[in-house]
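Structure first, commentary second.
Please read all numbers here as calculations on a predicted model, not as lab measurements. Residue numbers start at 1 and run along the sequence shown.
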Amino acid sequence: MRGYTLIARLLLPLALLRLWWRSRHDAEYAPRWVERLGYGEPIAGAPIWVHAVSVGETRAAAPLIRALLDEHPDTPLLVTTTTLTGAAQVTMLFGDSVIHRFAPFDLPRAVTRFLDRVRPRVAIILETEIWPQLFAALERRHIPVFLANARLSERSRGRYRRIPRLIARTLAIPAVIATQSAADAARLRTLGAPAARLHVTGNMKFELSPTAGLREAAQALRLAWGDRPVWVAASTHQGEEETVLSAHRVLREGFPRLLLVLVPRHPERFESVGRLARAEGMAVVTRSAGLAVSEATEVLLGDTMGELMLFFAASDCAFIGGSLVDTGGHNPLEALALGVPVVFGPHMFNFDEIAQLTLQAGAGVQVADEDGLIAAARIYLGDARARQAASLAGESLVRAHQGALGRTRALLTPFLTNPAPSSASP
């Protein structure tokens, strides 16, 4: 632990410099970056604490958070994230019904300040957030740690194996580790997670139920765009937009009225991606400007937060970003739940099981490069029968793998019915 803490302290100045830089460019973040050091107003009432790193984890946790709000209306619910986009997602989904904070750095003083101010009754940590200092501090205070929707890729396991004793000690702390799959449980067990605490509950990302209101809004949006084919490039990363725009140019040769809805993953890149599309000679409208999408519009830049599901619902097919570059891909389930066929690249290691299930079900296609992207999009845009078959397969896939929320709630219940831990500091 000493070596880990020393490295973390050495990296702190760089982290603080980054926070300062981001606070200069975001008025809402400026007064809040000190929360990463554990500062913030005290929270009374021994809150239930849910930690979700960013957008994907927050969306995955949303059904669980809603259930906790319904079942424990008198208990404060704290949701922490580490990213600005995650914070925006919390606000959009839950408003003032939850308390949001930025999670502290995994340093002794920051963790101590945070826990002194929060004093949660339970810490529910989403997915792959394994923080040695935080977990050790929670153990000393007798605050149970519950790892929910836990996953561990083979690549991440390789990284953790470089510090085997520290990771084994940390994974021995959670009272429950609820994993997305048997493969995730097996990988965590090789790192030292006690077999008796591992439970395969399934993936809460499958707990999707699109509302009628969403479909109605998408239909209205599609009518406003005109009777034209539409595809979405969702959560794209640097190095992918060039490929997508080039593919769009080729696709428009066969589908002259084709509209691309381009949604970069990170908000700070919205402006630069818009400039890139215009430099490619594309007629671009930004969603945030509120301007009408005309017949001349070739690209709609999705530069708003929280509308990706709406864009999916209004499209004929979707490319899932982060997969043509070595990022690990993003979650295709939101598109599949809406009956939208998906295309993704070779780098889907963060969602390997979901990607394989998608391919096996016939709900999507994996491609290697731009040529593959063009070929797959052509099929879904031009062949109504193929598009309908993939659509039904995607919806069926999502329904067939639901149930993780109920299994997770059953494991979590004992930690919510027991008295809150003592508020005394260790």
Side-chain angles (χ1 to χ4, degrees), residues 18 21-22 25-26 28-29 53-59 81-92 221 225 230-249 251-252 258-291 293 297-315 317-335 338 340 342-348 350-351 367 369-370 373-374 377:
R18 184 167 181 264
W21 179 258
R22 289 170 68 184
H25 294 82
D26 192 299
E28 293 184 9
Y29 189 57
V53 186
S54 191
V55 175
E57 293 82 6
T58 302
R59 288 176 179 165
T81 64
T82 58
T83 69
L84 289 167
T85 51
Q89 191 72 201
V90 171
T91 300
M92 186 195 74
L221 189 62
W225 289 344
V230 179
W231 72 306
V232 174
S235 299
T236 56
H237 287 248
Q238 187 169 0
E240 286 185 314
E241 288 91 7
E242 293 88 347
T243 301
V244 168
L245 289 167
S246 177
H248 185 54
R249 186 185 305 280
L251 287 167
R252 280 180 62 88
L258 179 64
L259 176 68
L260 167 64
V261 182
L262 180 56
V263 187
R265 177 67 174 180
H266 299 111
E268 61 268 24
R269 298 188 60 244
F270 288 161
E271 187 175 342
S272 63
V273 172
R275 287 198 302 269
L276 173 65
R278 293 185 182 93
E280 291 290 327
M282 301 283 183
V284 180
V285 168
T286 59
R287 176 68 171 171
S288 63
L291 300 176
V293 171
T297 304
E298 297 170 89
V299 177
L300 173 64
L301 181 67
D303 61 343
T304 54
M305 297 297 297
E307 290 197 299
L308 186 55
M309 287 282 281
L310 176 63
F311 296 146
F312 279 143
S315 69
C317 65
F319 165 69
I320 306 301
S323 61
L324 283 174
V325 292
D326 192 18
T327 299
H330 292 292
N331 181 15
L333 291 177
E334 291 178 334
L338 290 161
V340 180
V342 297
V343 183
F344 44 80
H347 305 289
M348 285 291 286
N350 283 336
F351 296 88
V367 302
D369 51 25
E370 179 183 335
L373 175 60
I374 293 168

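Counting only heavy atoms from C-beta outward, the side chains of I374 and L251 approach each other to under 4.5 Å. E280 places none of its side-chain heavy atoms less than 4.5 Å from the side chain of H248. Side-chain contact check for V343 versus W231: every heavy-atom pair is 4.5 Å or farther apart. Using a 4.5 Å heavy-atom threshold, the side chains of T304 and F270 count as separate. Contact annotation: the side chain of F319 never approaches that of T243 to less than 4.5 Å [non-hydrogen atoms, C-beta and beyond]. Taking 4.5 Å as the limit, some side-chain heavy atom of L308 sits within range of a side-chain heavy atom of S235. Looking only at side-chain heavy atoms (C-beta outward), R249 and M282 come within less than 4.5 Å of each other. Using a 4.5 Å heavy-atom threshold, the side chains of H347 and V325 count as separate.
The minimum heavy-atom distance between L221 and A314, with the atom names listed, is CD2-CB, 4.3 Å. Closest approach of L338 to A313, counting heavy atoms only: CD1-N, 3.9 Å. Between A277 and V284, the shortest heavy-atom distance links the atoms CB-CG2, 3.6 Å. What you find for E240 and G322 is that their closest heavy atoms are OE1-N, 2.8 Å. Heavy atoms only, all atoms of each residue included: V342 and A335 are closest at CG1-CB, 3.6 Å. Closest heavy-atom contact between L324 and G345: CD2-CA, 3.9 Å.
Of the inter-residue distances, the one linking E241 atom CD with L260 atom CG reads 10.0 Å to the nearest 0.5 angstrom. Once rounded to the nearest 0.5 Å, the distance linking OG1 of T286 with CZ of R278 reads 6.5 Å. Of the inter-residue distances, the one linking R275 atom CZ with L301 atom CG reads 11.5 Å to the nearest 0.5 angstrom.
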message: With side-chain contact (heavy atoms from CB on, under 4.5 Å) as the criterion, how do L333 and R59 come out once you've worked through the C-alpha distance, each side chain's angles and the decisive distance to 0.1 Å?
response: CA-CA 11 Å; L333 291 177; R59 288 176 179 165; over 6 Å; no
query: What's the verdict on side-chain contact (heavy atoms from CB on, under 4.5 Å) for T85 and M305, showing C-alpha distance, side-chain angles and the deciding distance?
result: CA-CA 8 Å; T85 51; M305 297 297 297; 4.0 Å; yes
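A 6.0 Å sphere centred on CD of Q238 holds no more than 12 heavy atoms belonging to other residues, nucleotides or ligands. With a 6.0 Å radius and a threshold of 12 heavy atoms from other residues, nucleotides or ligands, E268 has its CD atom above the threshold.
Checking side-chain atoms of T236 against main-chain N and O of A233 turns up no donor-acceptor pair under 3.5 Å. Remark: the backbone N or O of S54 is not paired with any side-chain donor or acceptor of Q89 at under 3.5 angstrom. In terms of modelled atom types and a separation under 3.5 Å, the side chain of S315 and the main chain of F312 share a donor-acceptor contact. Between the side chain of R252 and the backbone N or O of L258 there is at least one donor-acceptor pair closer than 3.5 Å. Side-chain atoms of D303 come within 3.5 Å of backbone N or O of S288 as a donor-acceptor pair.
Taking the six-membered ring where the residue is Trp, F351 and H330 present tilted rings, their angle falling between 30° and 60°.
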